[in-house]
Trainee: 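So that we are looking at the same thing, I have put the structure below in structure tokens.
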Amino acid sequence: MIIGALGTYGRDAAVIDEALARFDTGRVSGDLADAIVSITMRQQRPGDVSVCEQRRAAASNPQEEQRYLFAPASSGDLDVALGTLARAFGEVRTQDAPYLIGALIRDRATGPQAWRAMTEHWDE
């Protein structure tokens, strides 16, 4: 939790650099895995959302699948959030979609816009 806070909220350069290096080389495992993915997504680098989707599809266990499914919700990028919201109403399993939508709405940067976009889907 401390590593995640340092990289996400504290924006500690050394922590961010290490998280990015581990993400880029696929060294995302153990207790630091969620922090590594979250810190990486907050950097809003082009292509990281696609990498997460590829890793989700190739996941070898449910924890890994969930980690990468929820990763875009922590990006803070409105386009990513809205694209992820659209996926939640289509290709994401129905047992996962409400939790993914909740994660999108909780984000400080994109939550209000995600909420407005979500209200357009009340009937669904």
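If you're wondering where the values come from, they're calculated on a predicted model, not measured in any experiment.
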Trainee: Over all heavy atoms of both residues, which pair between A71 and V37 is shortest? Give the atoms and the distance, please.
Mentor: CB-CG1, 3.4 Å
Trainee: Are side-chain heavy atoms of R87 and L69 found at a separation under 4.5 Å?
Mentor: yes
Trainee: When you look at V49 and S75, which way does the side chain to side chain contact (heavy atoms under 4.5 Å, CB included) test go after all the steps?
Mentor: CA-CA 9 Å; V49 174; S75 78; 5.5 Å; no
Trainee: Do the rings of W122 and W115 sit parallel, tilted or perpendicular, given the 30° and 60° boundaries?
Mentor: perpendicular
Trainee: Can you tell me how far the CG atom of L85 sits from the CZ atom of R116, to the nearest 0.5 Å?
Mentor: 12.5 Å
Trainee: With the 4.5 Å side-chain cut-off for hydrophobic clustering, are Y9 and L32 part of the same group?
Mentor: no
Trainee: When you check the side-chain N and O atoms of Q54 and S50, is any donor under 3.5 Å from an acceptor?
Mentor: no
Trainee: What closest approach, in Å, do A19 and I36 show between heavy atoms, and which atom pair accounts for it?
Mentor: O-CG2, 3.5 Å
Trainee: For the atom pair CD (Q113) and CG (D107), what is the distance rounded to the nearest 0.5 Å?
Mentor: 9.5 Å
Trainee: Taking C-beta and beyond as the side chain, do M41 and C52 meet within less than 4.5 Å on heavy atoms?
Mentor: yes
Trainee: Which pair of non-hydrogen atoms, one from P72 and one from T84, has the smallest distance, and what is that distance?
Mentor: CB-OG1, 3.2 Å
Trainee: If I take atom CD1 from residue I3 and atom CG from residue D34, how far apart are they, to the nearest 0.5 angstrom?
Mentor: 13.5 Å
Trainee: D96: what forms a salt bridge (charged side-chain N to carboxylate O under 4.0 Å, His left out) with it, not counting sequence neighbours?
Mentor: R93
Trainee: Is the shortest heavy-atom distance from the side chain of D77 to the side chain of Q43 under 4.5 Å?
Mentor: no
Trainee: Looking only at heavy atoms, which two atoms of T8 and S38 are closest? And how far apart?
Mentor: OG1-OG, 4.0 Å
Trainee: Could you tell me which non-hydrogen atom of L82 sits nearest to which non-hydrogen atom of A114, and how far apart they are?
Mentor: CD2-CA, 4.3 Å
Trainee: In plain terms, say whether R22 and D17 are close enough for a salt bridge, that is, a side-chain N and a carboxylate O under 4.0 Å apart.
Mentor: no
Trainee: So for atom CG, which belongs to N61, do other residues, nucleotides or ligands contribute more than 12 heavy atoms lying within a distance under 6.0 Å?
Mentor: yes
Trainee: Looking at S74, is its backbone amide N or carbonyl O close enough to the side chain of R42 to form a donor-acceptor pair, meaning the two atoms are under 3.5 Å apart?
Mentor: yes
Trainee: Measuring from I16:CD1 to I39:CD1, what's the distance to the nearest 0.5 Å?
Mentor: 7.0 Å
Trainee: Enter the distance from R56:CZ to F70:CZ here, rounded to the nearest 0.5 Å.
Mentor: 11.0 Å
Trainee: Using residues 98-105 as the side-chain source, report each donor-acceptor pair under 3.5 Å to any protein atom, sequence neighbours left out, with the distance given to one decimal.
Mentor:
none

Trainee: Among the clusters formed by ILVMFWY side chains lying less than 4.5 Å apart, do M118 and L78 turn up in the same one?
Mentor: no
Trainee: For the backbone of A57 and the side chain of E65, can you confirm whether one donor and one acceptor N or O come within less than 3.5 Å of each other?
Mentor: no
Trainee: Is the shortest heavy-atom distance from the side chain of R45 to the side chain of F23 under 4.5 Å?
Mentor: yes
Trainee: Are I2 and V28 joined in one hydrophobic group, where the rule is that I, L, V, M, F, W and Y side chains link up if heavy atoms are under 4.5 Å apart?
Mentor: yes
Trainee: Looking at E64 and R67, is any side-chain nitrogen of the basic one under 4.0 Å from a carboxylate oxygen of the acidic one?
Mentor: no
Trainee: For R11, does the CZ atom sit with more than 12 other heavy atoms under 6.0 Å from it, leaving out its own atoms?
Mentor: no
